[in-house]
Structure formats: structure tokens, C-alpha cells
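Remarks on the structure that follows.
Just the heavy atoms: all of them, side chains too, but no hydrogens, waters or symmetry mates, feed the values below. What you see is a predicted model; the values in this text were computed from it and never measured.
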Amino acid sequence: EPEEAFTTYCLVLACLCPVLLGLTLIRRIGELKWLLIFAEALHMTAILGILVYGLSNPALCGDHHEAIICPVQLVRFSTMPIFFGIVTFALEGIATVLPIERSMADPGQFK
């Protein structure tokens with residue numbers, strides 16, 4: 001089964017590469033606004049789905065006769081590096097786009 005999962009992973013990457021390469025050829029960010037709106041809608045839908053699932057199916061401890069809600073550990077130091085990696089990845093676009101916009105000859109074209 002691991003070989004099948006790896007093959008599926010490679011197939012997904014092979015299908016995504018032409019799409020991502022095509023997106024890199026778009027010269028003006030204004031042309032991407034509908035794609036960005038669609039991506040943001042998918043993002044909000046995913047967050048809503050996670051919230052609905054999490055609230056409707058709480059983690060239960062104990063047997064099925066006396067189920068209690070499990071205590072949640074808020075901070076896990078063992079996963080702290082992963083957390084900071086995700087935060088850095090999520091915020092890296094801000095640090096990239098602002099200097100590019102400032103260095104443009106005519107920032108008004110950045111629409």
C-alpha cells in the first residue's frame with residue numbers, strides 16, 4: 001500500500017505542475033483576482049467544515065455508557081517547531097510582496 005500511495009502522490013504532483021507553471025506566467029496580479037477570491041472561498045469553506053465537524057463530534061473519553069469530553073492539551077512543546085514553520089510559511093507572502101511593491105517605478109499598476 002505505501003507504493004500505491006506514493007504513485008498517487010506523484011500523479012497529483014504531475015497534474016498540478018502544468019497548472020502552477022501556467023499561473024507563474026501571469027504578469028499582472030490583477031488578473032489573478034478571481035482565482036484568489038475562489039481560493040479564499042475554499043479556505044473559508046474548509047475552516048467552516050472543520051468547525052462544524054469539531055463542534056458536532058467532540059473527542060470523547062471513557063466507554064460509550066459514560067462518555068466525557070477529553071481534556072485538551074493546549075501547548076505541546078514537541079510540536080512547537082512545526083507550529084513556527086507553518087506560521088512562517090503562512091506569513092512569508094507579506095514580507096515578499098511589500099518590498100516588491102515599494103521598489104516598483106509605478107506602484108499604481110500593482111492592482
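Counting side-chain heavy-atom gaps under 4.5 Å among Ile, Leu, Val, Met, Phe, Trp and Tyr, the cluster of I47 also holds L51. Through ILVMFWY side-chain contacts below 4.5 Å, L25 is grouped with nothing and stands alone. Taking a 4.5 Å side-chain heavy-atom cut-off between Ile, Leu, Val, Met, Phe, Trp and Tyr, the cluster of V52 extends to L48.
Annotation: side chain of L35 is in contact with side chain of L23 (closest heavy-atom distance under 4.5 Å).
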Sequence neighbours left out, cut at 3.5 Å: what donor-acceptor pairs do the side chains of residues 6-13 make with other protein atoms?
unit_1, atom_1, unit_2, atom_2, d
T7, OG1, E3, O, 2.8
T8, OG1, E4, O, 2.9

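In this structure M80 satisfies the side chain to side chain contact (heavy atoms under 4.5 Å, CB included) test together with V75, F77, F83, F84, sequence neighbours excluded.
L42 and I37 sit in two unconnected hydrophobic clusters of ILVMFWY residues. Membership requires side-chain heavy atoms under 4.5 Å apart, directly or through other members.
When all heavy atoms of C15 and P18 are compared, the pair lying nearest together is O-CD, 3.5 Å.
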